[in-house]
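The next block holds one structure in the form of structure tokens; read it before the comments.
Below, each value reflects all heavy atoms present in this structure, side chains not excepted, and no hydrogens, waters or symmetry copies.
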Amino acid sequence: MSDEGGKKTLGVRGGPRGGSVKQSFSHGRTKNVVVETKRKRVVVPKPGAGNLAGAGKPAPVSDPSKRPAGISDAEMERRMKALQAAKAREGEDAARREAEEKEREEERMRRREEAEAKEREEQERIEALKAKEEEDERQRRAVADAAKEAAAPTSEPEGARTAPRGAAPSSAPRKSQDRDSEQKRPAKGKGMGDDNRRSGKLTLNQALSGGEGGRQKSMAAMKRKQERARQKAMGGTQEREKIIRDVQLPETIVVAELAQRMAERVGDVVKALMQNDMMVTQNQAIDADTAELIIEEFGHRVVRVSDADVEDVIAKVEDKDEDMKPRPPVVTIMGHVDHGKTSLLDAIRNAKVQTGEAGGITQHIGAYQVKTANGSVLSFLDTPGHAAFTSMRARGAHVTDIVVLVVAADDAVMPQTIEAINHAKAANVPMIIAINKIDKHEANPQKVRTDLLQHEVVVEAMSGDVQDVEVSAKSGKGLDELLEAIALQAEILELKANPNRAAEGAVIEAQLDVGRGPVATVLIQKGTLRRGDIFVVGEQYGKVRALINDHGDRVNEAGPSVPVEVLGINGTPQAGDVLNVVSTEAQAREIAEYRANAAKEKRAAAGAAVTLDQMMAQAKQNENVSELPILVKADVQGSAEAITQAMEKIGNDEVRVRVLHSGVGAITESDIGLAEASGAPVIGFNVRANAPARQSANQKGVEIRYYSVIYDLVDDIKAAASGLLGAEIREKFIGYAKIKEVFKVTGVGKVAGCLVTEGLARRSAGVRLLRDDVVIHEGTLKTLKRFKDEVPEVQSGQECGMAFERYEDIREGDVIEIFEREEIVRTLD
């Protein structure tokens with residue numbers, strides 16, 4: 001719609017051939033109709049002026065020559081109606097817009113009035129607060145004036161108090177005081193409430209605090225106020241100088257920790273992250289690159305660190321020559337099984353270690369110290385000779401200074417002898433050949449020397465540089481020469497260490513002892529380990545609670561080359577781990593957690609490194625392979641490791657053994673649950689199941705097998721896996737008896753007064769002595785008595801007396817396990 005020269009023109013689309021129809025108005029009356037097309041403009045004359053009855057209706061065009069081409073009367077009338085409808089809609093739209101504009105204006109007025117009302121209320125509140133502060137100030141002044149007036153009579157002149165009796169007292173001061181008090185007294189009936197009426201009364205708290213008991217400003221707040229006033233008087237505020245910090249940034253960091261390291265508010269750090277399109281909270285972690293941007297934005301310096309930097313706290317001390325002092329040599333006894341290694345060490349120590357080992361073979365690493373006749377101290381490590389204990393021998397050769405290779409003169413060089421030679425050469429450790437059992441009739445020491453030549457070991461008797469000594473552990477022959485050879489070799493090596501530094505040692509063996517917790521046998525290599533030291537060993541940490549030497553005595557410290565048992569570890573470490581002393585427990589915990597996470601990630605990465613083709617090939621291979629799953633629990637970490645390695649070697653293309661879990665300590669209910677879920681037997685090596693585990697195993701039908709000699713274990717599992725197992729000797733447990741009291745009988749020795757708690761006790765059966773679920777002796781009964789009579793068996797619930805054959809180390813509370821051996825034919829399922 002347009003206005004041109006007093007005429008209003010309304011355009012309507014939809015004319016002929018895409019044209020438009022326009023109607024002009026002059027003074028509210030229609031003059032003519034203009035029809036515009038794409039080709040020409042046609043003016044249609046309006047109806048007669050005197051035709052009032054047809055006003056508002058389109059009149060038909062009577063002159064066809066002046067009507068646009070192709071426009072009929074009906075089409076013309078329809079277009080006129082469309083023109084009127086468009087005009088009506090325009091009027092309605094204008095009215096609606098006017099109403100909406102009026103509503104918006106009213107809404108703006110209402111909001112303005114509300115804002116003004118809020119502003120007035122805020123102004124009134126501020127004025128009320130100011131009035132209250134002025135009233136409080138007036139009250140404080142009144143209190144101060146009252147205190148001064150109360151103190152005024154004490155300072156009056158003496159003559160004023162001693163006025164003549166007949167003289168009238170002066171009333172001027174009293175009147176002035178009355179006038180002052182009358183002015184200060186609030187007037188009644190002027191809108192003052194009861195609180196204001198009673199506000200003139202003085203209380204003890206108000207007099208002491210100088211106010212009405214409200215919250216007083218602190219000294220720091222007063223100083224800040226004075227500082228702001230001083231800066232304002234000097235012409236503006238002075239910004240505090242920003243402190244630039246070096247922020248240590250690991251691979252990932254929590255937002256709150258980042259703010260703490262920058263000494264910035266957490267809200268500011270979160271706001272900066274949100275401005276960088278990072279919608280995080282203060283408890284979420286961000287990567288190092290994002291954190292670096294935030295640190296630089298706040299104006300600090302970035303110091304990139306790695307998670308492995310936590311191990312930097314372990315001091316890498318370079319020992320000075322003047323601090324080095326001589327230390328005892330560490331001697332490792334190595335060789336083939338049953339060649340007399342432990343018996344030779346027993347002869348040196350004048351002890352009986354060999355008699356305490358099951359089957360007469362060593363299955364643990366033992367660490368001992370021996371003081372020779374000339375006063376020198378030697379530290380000995382006794383390693384097992386069985387094929388399964390390869391890792392133990394490797395550890396022994398790694399931490400040793402001298403290797404004594406024991407070879408039986410009647411057996412010559414055997415496979416484990418060759419393995420020990422290789423371990424000693426790999427560790428670059430000098431060897432001393434001890435040719436044992438020379439007192440036997442079939443001994444041939446020269447054959448031993450000749451066989452050693454095949455492995456590049458040339459002894460001195462054959463013009464070589466390796467010392468060889470002929471000894472006999474049974475008769476003691478040649479022991480002095482062996483100790484002299486060890487002392488000579490140690491003197492050549494000039495072994496020294498610095499005892500005045502943080503201790504560092506190697507874990508020889510580790511076990512979980514009932515009552516003492518995790519215990520690690522550690523050989524100290526550098527420094528001195530003391531009680532109370534905080535240390536980290538492998539993935540475990542702890543504080544030295546006690547140090548026990550090889551004689552079972554508690555000591556306060558252990559120096560270089562001293563083997564000790566360390567108590568106070570939070571978990572059982574792995575044999576071969578390194579023990580390091582640190583300054584704080586937090587550092588030890590952090591290092592242990594880092595190592596545990598690194599080992600976990602390494603295991604996960606090793607499992608994820610298998611490709612899809614490898615997985616498919618392995619699955620296809622497993623279809624034709626039968627697995628024998630087992631669970632292994634041993635008394636020490638080294639035995640569990642050796643058994644696991646031995647089990648992995650058993651099998652072929654058709655059958656193999658899979659160790660589901662191996663651990664240290666007694667068999668528990670959780671082990672039984674895992675065995676039930678996987679259908680595996682539980683192998684106990686020198687340990688037993690506790691009472692709840694035995695009950696659970698009986699209920700769930702889980703088989704528990706106990707072994708004391710690794711020969712029997714390996715052979716049994718190998719026979720079961722290969723399916724070639726025929727008739728074998730299996731132990732059948734027939735009862736348990738608990739020792740109630742120990743008696744000493746003349747001519748018999750120690751006799752145990754027992755109560756048969758389960759099954760029965762039989763005279764012809766074998767027995768084992770258990771202390772804290774750990775086997776300490778296996779043998780036969782010397783006597784089984786009921787009252788004074790020798791009986792063949794004793795039923796459950798009855799008391800009896802038992803004595804062991806050639807063993808008397810029995811204590812109250814020990815448990816006797818009674819078993820029988822029987823032949824059973826087994827087949828592979």
Could you give me the CA-CA distance, side-chain angles and deciding distance for Thr783 and Glu790, then say whether side chain to side chain donor-acceptor pair (under 3.5 Å) is met? CA-CA 7 Å; Thr783 177; Glu790 192 82 23; 3.0 Å; yes
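- Within the 4.5 Å cutoff, no side-chain heavy atoms of Val774 are placed close to those of Arg688.
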Apply the test salt bridge (Lys or Arg N to Asp or Glu O under 4.0 Å) to residues Lys782 and Glu805: give CA-CA distance (whole Å), side-chain angles for both, the deciding distance (0.1 Å), then the verdict. CA-CA 5 Å; Lys782 186 195 311 184; Glu805 193 77 28; 5.9 Å; no
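- Here the CG atom belonging to Leu523 is positioned 11.0 Å from the CG atom belonging to Leu579, to the nearest 0.5 angstrom.
- Annotation: the span from Arg705 atom CZ to Ile683 atom CD1 amounts to 6.0 Å, rounded to 0.5 Å.
- To the nearest 0.5 angstrom, Glu778 atom CD is 5.0 Å from Ser708 atom OG.
- Residues passing the side chain to side chain donor-acceptor pair (under 3.5 Å) test with Lys477, sequence neighbours excluded: none.
- Thr417 places no side-chain N or O within donor-acceptor distance of the main-chain N or O of Gly335, the cut-off being under 3.5 Å.
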Asn686/Tyr707 under side chain to side chain donor-acceptor pair (under 3.5 Å): CA gap, chis, key distance, verdict: CA-CA 6 Å; Asn686 277 336; Tyr707 296 93; over 6 Å; no
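- Taking the six-membered ring for Trp and thresholds of 30 and 60 degrees, Tyr706 and Phe733 have ring planes more than 60 degrees apart, a perpendicular arrangement.
- For the pair Lys633 (side chain) and Ala666 (backbone), a donor-acceptor distance under 3.5 Å is present.
- Considering only heavy atoms from C-beta on, Ile508 stays 4.5 Å or farther from Val522 through its side chain.
- Of the residues Ile486, Leu495, Leu378, the one that meets the side chain to side chain contact (heavy atoms under 4.5 Å, CB included) test with Ile402 is Ile486.
- Remark: Arg694 is positioned above the aromatic ring of Tyr736, its terminal NZ or CZ atom under 6.0 angstrom from the ring centre and at most 45 degrees off the axis.
- Remark: Phe819 engages no residue in a ring-ring contact (aromatic ring centres under 6.0 Å, His included) (not counting sequence neighbours).
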